[in-house]
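Sequence lines set the chain letters: A, B, ... in the order given, protein chains first and strands last, and positions in each chain run from 1.
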Amino acid sequence: MAPLEKYKSKRHFDKTPEPAGDQPDGDERRFVVQKHDASRLHFDFRLQVGDKLVSWAVPKGISANPAHKHLAVKVEDHPVDYQHFEGIIPKGNYGAGTVLLWDSGTYRPEDSVENTVVAIDEKIRKGSLKFFLEGQKLKGFYSLYRIDDKGDQEQWIIAKSKDNYANASRRFSQRSVISGLTLDEIARGEKSTEKALSVDKIAEARPAAMPHISPMLATLAAAPFDDPDWIFEIKWDGYRIIATRKGDERKLLSRNGNPYDEKFRTIHEELQKIGHDFVMDGEVVVLDQEGKSDFQALQHLDAQSMGRLYYYVFDLLWLNGYLLQDVPLVQRKEMLLQILPKNLQRIRYCDHIPEKGKIFFKQMQQLQLEGMIAKRAESKYYPGKRSNAWLKIKTARPQEAVIVGYTAPKGSRTAFGALLLAINEQGNLRYAGKVGTGFDEATLQDIYKKLQPLKTKEPPVKVPAKERQAQWVKPRLAAEIQFTGWTRDGAMRHPTFRGLRTDKKPDEITRETAIPVHQALSENTQPAERAATKQTRRRKATHNPKLSNPDKVFWPDENILKKNVYHYYDQMAEVLLPYLIDRPQSLLRSPHGVAGESFFQKDVKGLVPKWIETVTVESSSGTTEYLLCQDKATLLFMANWGSVELNPWNASVPNLDQPDYVVFDLDPVEISFEEVMRVAVGFHQLFEELKLPFYCKTSGSRGLHIYLPVKPQYTHEQGQQFARLLETIIHDRFREITSFERSPSKRKGKIYLDYLQNGRGKTMASVYSLRLKPGATVSTPVTADELKKGIDPSGFNIHSMQQRLKEVGDLWRDMFNTRVDIGETLKKL
DNA sequence: GTCATGG
DNA sequence: CCATGACAACGCCCT
DNA sequence: AGGGCG
């Protein structure tokens with residue numbers, strides 16, 4: 001078949017705007033992804049091989065996540081000039097629908113030796129190739145391999161390879177890379193304009209006047225780390241600048257809100273090229289020949305250094321009337337990248353790499369850059385706050401210090417010998433040593449001049465005796481000092497002067513101490529929230545377990561869905577958690593609801609996210625890692641796992657060998673619930689005699705459970721014997737309707753008193769647990785009075801529990817305040 | 001329900 | 001991509 | 001040892 005014959009045969013070029021493919025496009029290795037809203041929405045992935053675009057239809061599109069293996073159906077080759085096509089294929093034509101140019105760029109095969117048309121064709125014929133994409137969205141190695149060449153349609157898989165560009169959480173913009181439009185906008189016939197970015201479609205964006213924003217700050221962290229939830233940027237050493245534009249008005253503001261429009265006029269001018277209203281955040285730097293930021297040159301800007309002045313922007317906080325503070329960071333950066341025109345000279349996008357902080361940090365060290373900034377990929381922007389969502393990790397450790405004096409110069413040195421330094425500690429200035437190196441002549445003079453008006457007689461800080469001769473100055477000027485560590489008396493070791501910090505107030509100069517990285521990684525409260533919850537030491541659960549298959553039917557007869565279970569536990573968490581916390585959970589999972597099969601799962605080793613607490617327990621068959629349900633998020637995680645019924649141990653950590661309640665399980669077989677209540681009232685009577693508290697709940701079915709909270713001082717064996725003893729008394733009083741017979745067939749018409757439910761690792765359905773029974777019943781606390789009056793246990797269910805709680809509250813709330821001493825009770829018998 | 005695997 | 005299958009407890013009593 | 005039971 002002649003080249004492109006199949007392509008041409010399917011099309012009428014007088015009726016479709018698609019190119020006819022008569023103009024070969026040179027020898028480049030281009031690739032393109034077109035999003036095509038045809039009869040089925042899909043993506044077309046095309047690689048240029050010679051004078052054709054070898055093409056695959058990829059229903060799910062192309063991911064940055066190596067775990068995603070997406071089907072790619074090989075389709076006919078397209079002409080090279082098709083790579084520029086974006087528009088509408090009219091109805092009635094082949095592939096009718098809207099085409100959006102989703103990504104484009106160049107690629108190179110894995111091994112450059114094989115980088116010939118013939119070699120690539122050969123690999124495609126053989127059904128396997130790997131290549132590196134350099135697109136506007138897609139980056140890194142991808143592999144494409146055939147899995148099935150039977151039938152007329154070849155089935156291939158396209159998958160991201162594991163490399164530094166792999167990213168499980170990366171979400172790509174769905175806008176065109178040439179027009180900035182969405183599929184809908186193209187379909188409506190909109191033309192590419194600068195207004196194309198429809199910020200109003202983003203859920204977290206909200207309309208707002210242009211805000212005044214002070215920069216969000218980063219916390220110093222001790223060491224680099226790898227984490228898929230984080231991204232990493234170069235830490236630039238310059239001035240933190242907020243840039244704004246509204247109509248014709250453009251501003252550059254320092255962190256203290258001072259204007260820098262004049263000083264950085266080249267940048268200020270260039271803001272005009274960005275055709276939007278915006279507030280963006282970034283760092284102004286002067287780059288030296290090696291591309292490193294040169295702080296001193298930034299301070300003494302001259303014509304020469306002006307040419308090396310750049311503004312690295314890394315955040316977008318407001319755009320065209322919408323506040324973006326709450327939009328996830330990576331999305332803000334994506335938008336930032338979109339609004340920056342390609343022809344900027346002075347303003348540059350500060351790119352990041354995902355996940356691989358350690359490698360990135362090594363590169364920072366090799367390049368002798370100051371360090372890196374780690375940011376939580378999904379974090380919000382907190383203006384003016386120092387947050388653990390942003391961390392700075394430094395290769396060396398610069399420290400700012402306040403100048404409090406200087407010593408006289410010696411020999412040929414002019415101006416001064418050394419600067420005396422101080423740092424704020426707990427609100428007071430404290431002497432921090434002196435620095436005598438790192439100045440060039442101009443800086444020496446400049447600082448000297450600036451210090452003259454600040455001269456004072458009294459030293460602003462207490463200093464060692466040997467520095468008494470120094471000239472003191474008022475603590476107004478801040479300097480950046482590089483040093484290697486702290487001496488025992490709080491001075492900097494091997495200090496070098498790196499520049500004045502006119503952008504910082506002396507009050508802000510404090511000793512920076514790195515927080516341990518694990519603290520930041522486990523930190524899940526935001527600054528604002530943290531202030532509110534400072535008192536309560538219990539960890540706040542901000543993890544939000546996803547609910548998968550929300551509409552799966554769990555109770556077909558009642559049409560109760562999985563999401564109803566999830567919602568029930570969401571609502572019940574507060575009252576339920578005290579009965580679950582610290583207790584190993586035997587998970588009874590029922591992913592297919594009441595009709596499907598359930599299975600127990602105790603060991604969750606490696607199966608649950610790391611924020612879920614577990615406890616490792618020795619058992620006969622080795623060691624088992626039990627889940628602990630310590631917070632609402634874990635409860636919801638369990639719900640999503642199909643743990644409809646909750647089965648906590650009768651003991652809690654750390655006393656897993658000592659039960660903290662004894663259970664009396666009244667399990668009826670073919671006997672009326674009235675009789676069960678009668679026996680339970682019998683227990684109530686007995687407990688009154690023994691001065692024991694009475695906590696009873698429905699089982700969720702036809703049984704009742706009586707719990708006796710005990711001091712965790714006795715073994716499971718002793719707990720079980722104790723239960724048996726009391727049940728024997730009941731058995732004597734209700735001989736004709738109770739039984740110790742284990743086999744159900746032999747206890748028909750009786751209530752089984754199951755003391756064996758007391759034991760190590762034994763569980764019962766928790767109070768307030770849903771049960772997989774008709775009507776989605778709930779194991780519900782009841783009072784002795786209710787038992788005497790008579791109740792219908794089926795009335796306690798997923799629908800009625802909120803109302804029940806409103807009416808009677810949590811009847812068991814005092815349970816753990818009334819722990820009984822088994823030994824003392826035995827003496828009464 | 002999740003994970004791994006194969007077509 | 002989709003389909004399919006594997007996998008997911010344990011202690012104790014009784015015979 | 002294996003099945004039943006919760």
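The stretch residues 752-770 of chain A participates, sequence neighbours left out, in these salt bridge (Lys or Arg N to Asp or Glu O under 4.0 Å) pairs: A/Asp657-A/Arg760. The salt bridge (Lys or Arg N to Asp or Glu O under 4.0 Å) contacts involving residues 544-573 of chain A comprise A/Asp551-A/Lys563, A/Asp570-A/Lys632, where partners must be two or more places apart or lie in separate chains. Among residue pairs with one or both ends in residues 722-732 of chain A, those qualifying as salt bridge (Lys or Arg N to Asp or Glu O under 4.0 Å) are A/Asp732-A/Arg735; sequence neighbours excluded. Applying the salt bridge (Lys or Arg N to Asp or Glu O under 4.0 Å) definition to pairs two or more places apart or across chains, none involves residues 696-717 of chain A.
Every residue two or more places apart in sequence or in another chain was checked for a side chain to side chain donor-acceptor pair (under 3.5 Å) with A/Tyr707, and none qualifies. Taking A/Trp102 as the reference, A/Gln174 meet the side chain to side chain donor-acceptor pair (under 3.5 Å) condition, with sequence neighbours excluded. Residues that satisfy the ring pair (Phe, Tyr, Trp, His ring centres under 6.0 Å) test with A/His716, not counting sequence neighbours, are absent from this structure. Residues passing the ring pair (Phe, Tyr, Trp, His ring centres under 6.0 Å) test with A/Phe637 are A/Trp641, sequence neighbours excluded.
What you find for A/Val177 and A/Asp103 is that their closest heavy atoms are CG2-CA, 3.8 Å. Heavy-atom minimum distance, A/Pro712 versus A/Asp660: CB-CB, 4.3 Å.
An OP1 or OP2 oxygen of C/dC10 is reached within less than 4.0 angstrom by a side-chain nitrogen or oxygen of A/Thr624. For A/Lys60, a side-chain nitrogen or oxygen approaches OP1 or OP2 of C/dC1 to under 4.0 Å. A/Arg747 has a side-chain polar atom (N or O) that falls below the 4.0 Å cut-off from OP1 or OP2 of D/dG6.
Nearest nucleotide to the A/Ser743 side chain, out of C/dC1, C/dC10, D/dC5: D/dC5. Closest to the A/Asp603 side chain, of the nucleotides D/dC5, C/dC1, C/dA9, is C/dA9.
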Could you list all N or O pairs between the protein and nucleotides 13-15 of chain C that sit under 3.5 Å apart?
none

Please list each protein N or O that sits under 3.5 Å from an N or O in nucleotides 3-6 of chain C, with the distance.
none

Protein-nucleotides 1-3 of chain B N/O pairs closer than 3.5 Å?
from  : atom 1 : to       : atom 2 : distance (Å)
B/dG1 : OP1    : A/Asn549 : ND2    : 3.0
B/dG1 : OP1    : A/Lys552 : NZ     : 2.6
B/dG1 : OP2    : A/Asn549 : ND2    : 2.9
B/dG1 : OP2    : A/Lys562 : NZ     : 2.9
B/dG1 : O4'    : A/Arg589 : NH2    : 2.9

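Listed by residue number, there are no residues of residues 669-684 of chain A with a heavy-atom contact under 4.0 Å to DNA chain B.
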